[in-house]
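One structure below.
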Amino acid sequence: MVFDAGIEGCDGVFHTASPFYHNVSDPQAELIDPAVNGTLNVLGSCAKYPSIKRVVVTSSMAAAVYNRKTKNPDVVVDETWFSSPEVCEQSKSWYALSKTLAEEAAWKFAKENGIDIVTINPAMSIGPLLQPTLNTSAAAILNLINGASAYQNLTLGWVHVKDVAMAHIQAYEVPSASGRYCLMGKTAHYSEIVEIIRHLCPSIPLPEKSADDEPFAPVYQVSKEKIKSLGIDYIPAEIGLKDTIESLKEKGFVNF
């Protein structure tokens with residue numbers, strides 16, 4: 001296995017890598033195979049070494065909310081929710097499909113091979129960029145502040161990247177950690193994100209309308225009960241958006 005050398009002798013493993021972008025020409029080759037096979041390759045190496053006490057796998061809220069369940073302000077999504085591959089395929093949500101299949105494969109392999117895994121399921125991760133390149137979550141904010149004529153009619157979850165990092169650490173270090181953890185500080189429609197940015201940065205021209213005339217995609221709740229057991233106290237979305245915009249400026253993606 002390609003990961004054997006890196007994993008041998010370790011006490012724990014964090015599997016965080018998976019392609020995340022929307023403009024794909026071959027979803028199977030570009031997103032699904034790398035997500036599923038990459039996960040199984042890492043776990044295959046972990047299974048060889050008894051020193052590995054726990055594996056923390058980065059999944060996604062995309063592996064939880066793409067299903068036919070009703071979503072409205074009274075609905076609370078929690079760790080028992082799983083996305084439906086059929087729904088992902090029908091909606092051509094290829095990233096969601098890749099994360100759903102990868103997480104399913106991870107749990108199946110872990111059960112069959114006696115590996116202790118914990119999955120962290122983050123929403124759209126915002127905050128400062130470590131790398132000089134643009135990632136998909138930050139690109140969603142950049143598009144809003146960089147001259148977009150309209151915002152998407154979508155409701156998404158948002159979480160600060162520092163909370164994502166801390167959740168991974170806690171999932172490894174807290175002995176009682178187990179199963180899945182939804183990680184979403186705020187659920188908000190794009191229209192609300194635009195208004196937060198407008199308040200933070202009044203001088204930035206922002207889109208005034210939705211990309212379509214359909215009713216706004218409904219907001220829903222996400223349970224915070226389980227993630228509290230890892231000691232996560234979410235950084236407010238306002239700070240996450242501010243940190244994102246400042247980082248985009250620092251990296252040279254915007255000039256205002």
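Each residue takes its place number in the sequence, starting with 1.
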Should Val57 and Leu40 be counted in the same cluster of Ile, Leu, Val, Met, Phe, Trp and Tyr side chains packed under 4.5 Å apart? yes
Would you indicate whether Asp233, at its atom CG, is surrounded by more than 12 heavy atoms from other residues, nucleotides or ligands within a distance under 6.0 Å? no
Are Arg180 and Glu103 close enough for a salt bridge, meaning some N to O gap below 4.0 Å? yes
Without hydrogens or angle criteria, can the side chains of Thr80 and Asp78 be said to hold a donor-acceptor pair below 3.5 Å? yes
Should the heavy atoms of other residues, nucleotides or ligands under 6.0 Å from NZ of Lys251 be counted, would the total exceed 12? yes
Hydrophobic cluster identity match, Tyr151 and Ile193, side-chain contacts under 4.5 Å: yes
So that I know where these two stand, are Trp158 and Tyr190 an aromatic pair - ring centroids less than 6.0 Å apart? yes
Separation between CD1 of Ile120 and CE of Met61, rounded to the nearest 0.5 Å: 12.0 Å
Taking Lys48 first and then Asp4, would you say they form a salt bridge - that is, a charged N and a carboxylate O separated by under 4.0 Å? yes
Taking all atoms of both residues into account, what is the closest heavy-atom pair of Pro85 and Leu101, and its distance? CG-CD2, 4.1 Å
Gap between atom NZ of Lys99 and atom OG of Ser93 - 0.5 Å precision: 15.0 Å
Any donor-acceptor N/O pair, Gln152 side chain to Leu154 backbone, under 3.5 Å: no
Step by step, would you call Tyr220 with Thr155 a side-chain contact (heavy atoms from CB on, under 4.5 Å)? CA-CA 8 Å; Tyr220 51 90; Thr155 291; 4.2 Å; yes
Taking every heavy atom of Pro19 against every heavy atom of Ala35, the minimum-distance pair comes out as CD-N, 4.5 Å
To the nearest 0.5 angstrom, please state how far the CD atom of Glu192 sits from the CG atom of Leu156. 12.0 Å
Less than 4.0 angstrom from a charged side-chain N to a carboxylate O is my criterion; do Lys242 and Glu246 meet it? yes
Would you say the side chain of Tyr234 lies within less than 4.5 Å of the side chain of Ile227, judging by non-hydrogen atoms? yes
Under a single-linkage definition using a 4.5 Å side-chain heavy-atom cutoff for Ile, Leu, Val, Met, Phe, Trp and Tyr, are Ile115 and Val36 assigned to the same hydrophobic cluster? yes
Minimum side-chain heavy-atom gap Thr39-His15 below 4.5 Å: yes
Just do the side-chain contact (heavy atoms from CB on, under 4.5 Å) check on Ile145 and Val254 with the steps written out, would you? CA-CA 8 Å; Ile145 64 176; Val254 290; 4.1 Å; yes
CA sep, side-chain torsions, deciding dist, call: Phe20, Ser60, side-chain contact (heavy atoms from CB on, under 4.5 Å): CA-CA 11 Å; Phe20 178 26; Ser60 172; over 6 Å; no
Taking everything shown except Asp212 itself, do over 12 heavy atoms lie less than 6.0 Å from its CG? yes
Say whether Asn121 and Thr119, considering side chains only, have a donor N or O and an acceptor N or O under 3.5 Å apart. yes
Backbone of Ala105 reached by a side-chain donor or acceptor of Trp107 within 3.5 Å: no
Should we count NZ of Lys53 as having more than 12 external heavy atoms under 6.0 Å? yes
Would you say the side-chain atoms of Gln170 pair up with the backbone N or O of Leu230, donor to acceptor, closer than 3.5 Å? yes
Could you report the tightest heavy-atom contact between Ile52 and Ile7, atom names first, then the distance? CD1-CG2, 3.8 Å
If you look at every heavy atom in Ala177 and Val118, which pair is closest and at what distance? O-CG2, 3.9 Å
I'd like to know if the side chain of Asn41 and the backbone of Asn37 have a donor-acceptor N/O pair within less than 3.5 Å. yes
Atom CZ in Phe216, atom OG in Ser210: separation rounded to 0.5 Å? 5.0 Å
Quick one: do Ile239 and Val194 end up in the same hydrophobic cluster if we chain Ile, Leu, Val, Met, Phe, Trp and Tyr together by side-chain heavy atoms under 4.5 Å apart? no
Salt bridge (charged side-chain N to carboxylate O under 4.0 Å, His left out) contacts in which one or both residues fall within residues 112-136, not counting sequence neighbours: Arg54-Asp116, Lys108-Glu112
Asn153 versus Glu214, side-chain donor and acceptor atoms under 3.5 Å: no
Heavy-atom distance under 4.5 Å between the side chains of Cys201 and Ile245, does that happen here? yes
Do Glu208 side-chain atoms and Ala150 backbone N/O form a donor-acceptor pair below 3.5 Å? no
Stepwise side-chain contact (heavy atoms from CB on, under 4.5 Å) test for Ile196 and Lys186: CA-CA 12 Å; Ile196 294 173; Lys186 182 179 183 64; 4.1 Å; yes
How many angstroms lie between atom CG of Leu241 and atom CG of Leu144, to the nearest 0.5 angstrom? 9.0 Å
Can you tell me how far OH of Tyr181 sits from OG of Ser229, rounded to the nearest 0.5 angstrom? 4.0 Å
Would you name the heavy atoms of Ala29 and Asp33 that are closest together and state the gap between them? CA-OD2, 4.2 Å
Do the side chains of Lys228 and Ile232 get nearer than 4.5 Å, heavy atoms only? no
Do Ser149 and Pro207 come within less than 4.5 Å of each other through their side chains, counting heavy atoms only? no
Check whether any side-chain heavy atom of Ile126 lies under 4.5 Å from a side-chain heavy atom of Val159, and answer yes or no. no
Go through the side-chain N and O atoms of Tyr21 and Glu30 and say whether any donor and acceptor fall under 3.5 Å apart. yes
Considering all heavy atoms of both residues, which atom of Ala62 and which atom of Thr100 are nearest to each other, and what is their separation? O-OG1, 3.7 Å
Taking Ser247 for its side chain and Thr244 for its backbone only, find out whether a donor-acceptor pair lies under 3.5 Å. no
Considering only heavy atoms from C-beta outward, does the side chain of Val161 approach that of Pro128 to under 4.5 Å? yes
Looking only at atom types and distance, does a side-chain atom of Ser83 sit under 3.5 Å from a main-chain N or O of Tyr66, one as donor and one as acceptor? yes
Are Ile204 and Leu134 connected, step by step, through hydrophobic side chains (Ile, Leu, Val, Met, Phe, Trp, Tyr) whose heavy atoms are closer than 4.5 Å? yes
Listing request: all salt bridge (charged side-chain N to carboxylate O under 4.0 Å, His left out) pairs with a residue in residues 65-74, at least two apart in sequence or in separate chains. Arg68-Glu86
Measure up the Phe14 and His168 rings against each other and bin them: parallel (under 30°), tilted (30 to 60°), perpendicular (over 60°). tilted
Mark yes or no for whether Asn67, through its side chain, and Phe82, through its backbone, hold a donor-acceptor pair below 3.5 Å. yes
So Phe3 and Val13, do their side chains get closer than 4.5 Å, heavy atoms only? no
